[in-house]
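A short write-up of the structure that comes next.
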Amino acid sequence: MTTDRLADVSTGTDTSDAGRDSADSTAEYAESRDTTEGRIYHVSGGDWDDVLEDAQHDERIVINMGPQHPSTHGVLRLVLELEGETVTQLRSVIGYLHTGIEKNCEYRTWTQGVTFVTRMDYLSPLFNELGYCLGVEKLLGIRAPRRAELIRVMLCEINRIGSHLVYIATGGMELGATTAMTFGFREREEVLHLLEYLTGLRMNHAFIRPGGVAQDLPTDWKEKVSEFVKTMDERLPLYDKLFTGQPIWRNRLKGVGYLPVDACLALGVTGPVLRSAGLPWDLRKIEPYSRYDEFEFDVPTSTEADCWGRYLCRVEEMHQSLRIIRQCLKKIEPGPVMVEDRKIAWPAQLSISSDGMGNSLEHVRKIMGQSMESLIHHFKLVTEGFKVPAGQVYSPIESPRGELGFHLVSDGGTRPVRVHVREPSFVNLQSLPAMSEGGLVADVIAAVASVDPVMGGVDR
């Protein structure tokens with residue numbers, strides 16, 4: 001009869017002869033196949049409840065954290081595969097802030113390249129400028145005057161403090177400590193005000209140039225820097241009072257984002273993340289540059305190898321930066337801030353007009369009315385730039401995030417043939433899966449904050 005081939009409406013199973021045979025067989029109750037996203041079942045009717053019950057341990061959910069997310073330190077996208085609250089897989093997706101800075105530098109003169117590289121890691125622009133200029137100076141075979149080198153050190157250490165303050169401010173906010181944000185950005189304003197007074201700009205300064213710095217410091221720079229040091233000496237202990245001894249902060253960071261020293265070395269991780277695992281690797285000590293060998297300071301380390309250790313290292317690094325700045329106040333003596341070679345010294349030796357932007361009227365009168373040679377030299381130096389001997393160089397420095405290295409290639413012309421940057425944020429991002437997989441979703445936030453990546457440097 002035809003009714004024998006109909007499904008039983010009460011159970012939803014096939015009651016026909018073929019259905020009975022399949023039900024009695026030893027085959028699985030539902031077909032399945034494995035894919036890259038997990039196991040997929042083909043079920044119908046009454047089999048569904050059985051499959052759900054059996055497949056609970058295989059349940060996975062894939063979510064996107066970012067790229068527009070308040071806790072990913074810029075436009076970083078993290079693809080998380082979760083089993084409940086546990087992260088089983090993490091993948092970093094980058095490129096949402098791509099700017100092509102390295103390629104742009106290859107179409108500009110060597111001096112103009114400074115205005116591009118300063119915009120990469122926008123939390124530590126002076127380090128980008130310093131690494132780039134040290135590379136250009138190695139190719140030129142020159143060294144900046146002593147006063148310029150010490151000014152560079154002082155500016156970078158002020159900038160290091162500002163960068164670490166943003167780490168505490170944003171990291172604290174993401175973990176629910178909103179007071180960290182108000183404290184951190186309050187102190188960072190002190191940093192930016194001082195940098196603006198010393199260089200003319202709060203960020204993206206383009207102040208460090210091949211051969212020295214763009215111009216000398218204001219006459220009362222010592223008083224301003226001394227006031228800043230005094231202010232930070234008073235305020236930095238507040239962070240220990242608010243966070244270091246705070247049980248909630250400690251519990252959110254201790255044992256989270258664990259990455260031992262062998263994993264750091266295997267992944268190429270540098271900076272506070274590496275030092276928090278116990279290795280005192282700091283290029284200011286290992287391969288001193290810009291007269292860092294004349295300064296007395298310590299390299300903070302920890303053996304925690306987790307978010308807690310990275311926090312402690314960065315707080316102590318701010319104290320060590322203040323120590324270096326105090327020494328700069330004593331070491332910086334009067335002298336030139338740019339090399340004597342007029343074919344390189346652009347535009348530091350040009351006087352500034354009353355509006356602080358263009359050349360002074362006296363300088364314009366001189367090069368246009370008194371010396372045709374000066375005008376021609378000025379025009380060619382600004383439009384063509386200076387020639388750099390053929391060769392290649394790798395110039396590494398210690399940025400707030402780790403080893404920042406510039407690989408520059410010259411063919412003897414007025415612009416680089418190749419510019420490639422070894423950016424610590426880009427390299428350190430590799431550590432996120434190792435830190436986060438097997439942990440909770442909430443701990444991913446702490447791990448990302450402890451790496452302190454800046455996406456402008458990653459996507460440069």
Side-chain angles (χ1 to χ4, degrees), residues 65-67 69 71-80 87 90-98 102 120-125 127-128 131 159-160 163-164 166-168 170-171 174 253 256-284 286 299-302 304-314 317 396-407 420-437 439 443-460:
M65 199 173 99
H69 192 282
S71 300
T72 53
H73 292 251
V75 281
L76 169 65
R77 176 185 171 205
L78 299 175
V79 180
L80 306 177
V87 178
L90 182 147
R91 285 168 285 178
S92 302
V93 184
I94 62 175
Y96 295 95
L97 196 61
H98 181 61
E102 292 159 322
M120 295 188 306
D121 180 346
Y122 38 76
L123 292 185
S124 52
F127 291 89
N128 303 329
N159 198 176
R160 190 185 306 276
S163 178
H164 285 346
V166 175
Y167 150 76
I168 292 178
T170 55
E174 290 153 10
L253 299 183
V256 173
Y258 181 74
L259 193 73
V261 66
D262 54 342
C264 290
L265 295 174
L267 293 168
V269 172
T270 53
V273 181
L274 175 60
R275 292 191 285 273
S276 73
L279 187 64
W281 182 268
D282 189 316
L283 291 172
R284 295 174 295 175
I286 306 297
V299 178
T301 59
S302 167
E304 304 281 347
D306 57 8
C307 296
W308 175 250
R310 289 161 213 147
Y311 158 75
L312 294 177
C313 281
R314 288 190 177 99
E317 280 184 18
I397 65 168
E398 187 69 35
S399 93
R401 270 152 281 282
E403 181 180 329
L404 171 65
F406 284 81
H407 177 222
H420 179 67
V421 185
R422 192 264 186 209
E423 228 291 337
S425 292
F426 176 77
V427 179
N428 292 354
L429 268 182
Q430 296 180 103
S431 64
L432 278 182
M435 288 183 184
S436 304
E437 290 175 359
D443 293 338
V444 174
I445 307 298
V448 174
S450 73
V451 174
D452 191 25
V454 174
M455 300 313 294
V458 175
D459 294 337
R460 57 193 182 282

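Separation of atoms CD (E317) and CZ (R160) is listed at 6.5 Å; rounding is to 0.5 Å. In this structure, the separation between CD1 on I168 and OG on S163 is 10.5 Å, given to the nearest 0.5 Å. In this structure, H73 NE2 and L429 CG are separated by 10.5 Å, a value rounded to the nearest 0.5 Å. Here the CG atom belonging to L76 is positioned 11.0 Å from the CG atom belonging to L97, to the nearest 0.5 angstrom. Here the CZ atom belonging to F127 is positioned 9.0 Å from the CG atom belonging to L404, to the nearest 0.5 angstrom. In this structure, the separation between CZ on F406 and NE2 on H420 is 11.0 Å, given to the nearest 0.5 Å.
At a threshold of 4.5 Å between non-hydrogen side-chain atoms, the residues R314 and D452 count as touching. Looking at R310 and L259, their side chains come closer than 4.5 Å, going by heavy atoms from C-beta outward. Proximity of M435 to S450: side-chain heavy atoms (C-beta onward) are separated by under 4.5 Å at one or more points. Looking at heavy atoms from C-beta onward, V421 lies out of side-chain contact with F426 at the 4.5 angstrom threshold. With a 4.5 Å cut-off on side-chain heavy atoms, L78 and S92 count as touching. Contact check for P125 versus N159: side-chain heavy atoms found under the 4.5 Å cut-off. At a threshold of 4.5 Å between non-hydrogen side-chain atoms, the residues I397 and L283 do not count as touching. Annotation: side chain of L279 is in contact with side chain of L265 (closest heavy-atom distance under 4.5 Å).
Residues forming a salt bridge (Lys or Arg N to Asp or Glu O under 4.0 Å) with R460 (at least two apart in sequence, or on another chain): E102. Applying the salt bridge (Lys or Arg N to Asp or Glu O under 4.0 Å) rule to E398 yields the partners R275; only residues at least two apart in sequence or on another chain are considered. In this structure D443 satisfies the salt bridge (Lys or Arg N to Asp or Glu O under 4.0 Å) test together with R252, sequence neighbours excluded.
Between E174 and A449, the shortest heavy-atom distance links the atoms OE1-CB, 3.7 Å. Minimum heavy-atom separation, T270 to E403: OG1-N, 2.9 Å. Here the closest heavy-atom approach between residue V444 and residue S436 is recorded as CG2-CB, 4.0 Å. Pairing each heavy atom of V427 with each of G268, the nearest pair is CG1-O, 3.3 Å. Y96 and D459 get closest at one heavy-atom pair: N-OD2, 3.4 Å. Nearest heavy-atom pair, S276 versus V273, reported as atom, atom and distance to 0.1 Å: OG-O, 2.8 Å.
In this structure, D121 contributes its side chain and N128 its backbone to no donor-acceptor pair below 3.5 Å. Not one N or O on the side chain of N428 forms a donor-acceptor pair closer than 3.5 Å with the backbone of V269. With hydrogens and angles ignored, the 3.5 Å screen pairs a side-chain donor or acceptor of S425 with a backbone N or O of V454.
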Are L432 and V448 close enough, and set up right, to give a side chain to side chain contact (heavy atoms under 4.5 Å, CB included), and what steps lead you there? CA-CA 7 Å; L432 278 182; V448 174; 3.9 Å; yes
